[in-house]
Number of protein chains: 2
Amino acid sequence: MSQYTATFILNSRTAMQQPTAPELEILKLLWQKQPLTARELHDELETVLGWGYSSTRKTLERMGEKGFVAVQAQGNKNSYRATLDKMPTLAGFAQDFAKRIFEIDGPLPVAMFADSKLVSAAEIADLEQLLQQLAAAQLTKPVDSGEP
Amino acid sequence: MSQYTATFILNSRTAMQQPTAPELEILKLLWQKQPLTARELHDELETVLGWGYSSTRKTLERMGEKGFVAVQAQGNKNSYRATLDKMPTLAGFAQDFAKRIFEIDGPLPVAMFADSKLVSAAEIADLEQLLQQLAAAQLTKPVDSGEP
DNA sequence: TTTTATTTGCGACAGATGTCGCAGGTGGTA
DNA sequence: TACCACCTGCGACATCTGTCGCAAATAAAA
C-alpha cells in the first residue's frame, strides 16, 4: 500500500485548500531538497518568478499559516520544510483537474504522467493508488450544499 | 484541420487569462445551450454553486468585461452567449495543467479525455490538434522575464 | 565593542474574486 | 392608468493574492 497519507481527502468541512501556483513552485523545490532557508528558496525562484526577496518570504509566511510548510528556527535563521506530501498533493491537483475541468469521474490513467519531469516510476505507482482512492471517495461524497 | 481558432496562443503581452472555476461552470452551460438569460443560467447554477441571483449576474457582468461572454439585449432582458470557444479553452486548461503542475512538456495523450462527459469523439480529435499546437508553441516561447 | 550585512516580523497596498443589496426601469395586468 | 413582478446597472465589502518596504534583532566582521 501507499506510504503516504491522503492529506486532501480528510477534512471535508475546512475544505483543505490547494496551494496556489507560486506556492506549488516553492513546494516543488522543497520536495527536491529539504529543508531550505528563505534565501535559498528565493535564489532559485527569482529566475522563474522574478520576485523580490520580500515576496518570497511573505509567501512562505502565508504557507506556514496554512500549514503547507513548517518553519524551523535554526540559530537565527529559519528553514522551511514541506508538510504537504508530494504525491498526495499532486494527486489532488490531478483529480481536481479531471473532475472540475473535464468532468471525468473515474481515476485518470497514470500513463499520462509518464513524461512528467517530476515523478519517478515508483512514484507513479503510488499516484495510481491515490488517484483511485480519490475517485472512489468522490463518488460517495454527498453534494456540497454550501451551508456555512 | 481544426475548425476553431486557438484563442489562447495569441496575445502574449496581455496574458489572456483563463476563466476561474465558477466562470468555467457558466461557460460549460453556455456551450451546451446558447444563448441563455441570467435567470436561466442562475437556476441551473444555484444547485451547484449555491449562489444568490446577484452573484450570478455579477459574475456574468465581469465575464462580459473580460470578453468571455457577449451580452445581447433582447427586449428588456439580456441573454448571454460564450465568446470563448469550447475546445481551445479546454485545451488551454489541459496544457496549463500539464506544464505547471506536472512539468510535462509534450502534448498530453488524448486518451485521458475519453471518459470526459464534456467532449465527444469528434471534439477529442480537435483537442488532439490543439494540444499539439500548444505544446509546440510552448517550446519556442521565450522565458517570461516578468518585465512590466 | 562598534559597525556592517542579513534576518525576521509585520504592516501596507492594489487587484481579482465571491457575494450581496438597493434603486431605477419596463412590461403586463387589474 | 396605477400597481406588481422581475430585470438591469452599479456600488459595496470581505478575502485572498501578489508584491513591497521598513524597523528591530542578530550574527559576523573590523
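No experiment lies behind these values; they were computed from the predicted model shown. Note: hydrogens, waters and symmetry copies are ignored here, and every other heavy atom, side chains too, is used. Within every chain, numbering begins at 1; the chains are lettered A, B, ... in the order of the sequence lines, protein sequences first and strands thereafter.
The distance between atom CG of B/L45 and atom P of C/dG18, rounded to the nearest whole Å, is 12 Å. Spacing between atom CD of A/Q18 and atom P of D/dT17 amounts to 12 Å, rounded to whole angstrom units. Counting to the nearest Å, the P atom of C/dA16 and the CD atom of B/E65 are 10 Å from each other. Regarding B/L60, its CG atom lies at a distance of 10 Å from the P atom of D/dG9, rounded to whole Å. For the pair B/M63 CE and C/dA16 P, the computed distance is 16 Å after rounding to whole Å. Per the geometry, NE2 belonging to A/H42 stands 13 Å off P belonging to C/dT6, to the nearest Å. A straight line from CD of B/Q17 to P of D/dT17 spans 17 Å, rounded to a whole angstrom. The CD-C1' distance, from B/E40 to D/dT8, rounds to 16 Å in whole Å.
With the nearest nucleotide of DNA chain D identified for both B/E61 and B/R39, B/R39 has the one nearer the 5' end.
Contact check for A/K99 versus A/I104: no side-chain heavy atoms found under the 4.5 Å cut-off. Residues B/M63 and B/L27 form a side-chain contact, since some pair of their non-hydrogen atoms from C-beta on lies under 4.5 Å apart.
By the ring pair (Phe, Tyr, Trp, His ring centres under 6.0 Å) test, B/F113 is found to be paired with A/F102, residues two or more places apart in sequence or in another chain being considered.
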- Task: Check the pair B/E23 / B/K66 against salt bridge (charged side-chain N to carboxylate O under 4.0 Å, His left out), numbers first and verdict last.
- Result: CA-CA 11 Å; B/E23 289 175 345; B/K66 296 184 196 169; 2.8 Å; yes

- Message: Show, in sequence, the C-alpha distance, side-chain angles and deciding distance for B/R62 and B/E65, and conclude whether the salt bridge (charged side-chain N to carboxylate O under 4.0 Å, His left out) test is met.
- Response: CA-CA 5 Å; B/R62 297 213 255 240; B/E65 285 163 13; over 6 Å; no

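Using a 4.0 Å cut-off, no side-chain N or O of B/R62 falls inside it from OP1 or OP2 of C/dT17. The phosphate of D/dT19 has neither OP1 nor OP2 within less than 4.0 Å of any side-chain N or O from A/T59. For C/dT17, the OP1/OP2 oxygens have a side-chain nitrogen or oxygen of B/K66 closer than 4.0 Å. Within the 4.0 Å cut-off from OP1 or OP2 of C/dG18, at least one side-chain nitrogen or oxygen of B/T20 is found.
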Enumerate the protein-to-nucleotides 20-26 of chain C contacts in which both atoms are nitrogen or oxygen and the separation is below 3.5 Å.
from: C/dC20; atom 1: OP2; to: B/G52; atom 2: N; distance (Å): 2.8
from: C/dC20; atom 1: OP2; to: B/S55; atom 2: OG; distance (Å): 2.7
from: C/dG21; atom 1: N7; to: B/S54; atom 2: OG; distance (Å): 2.9

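One finds no salt bridge joining A/E40 and A/K33 here, because no Lys/Arg side-chain nitrogen approaches an Asp/Glu carboxylate oxygen to under 4.0 Å.
A/V69 and A/W31 fall within the same hydrophobic cluster, where Ile, Leu, Val, Met, Phe, Trp and Tyr residues are linked whenever their side-chain heavy atoms come under 4.5 Å apart, directly or through other members.
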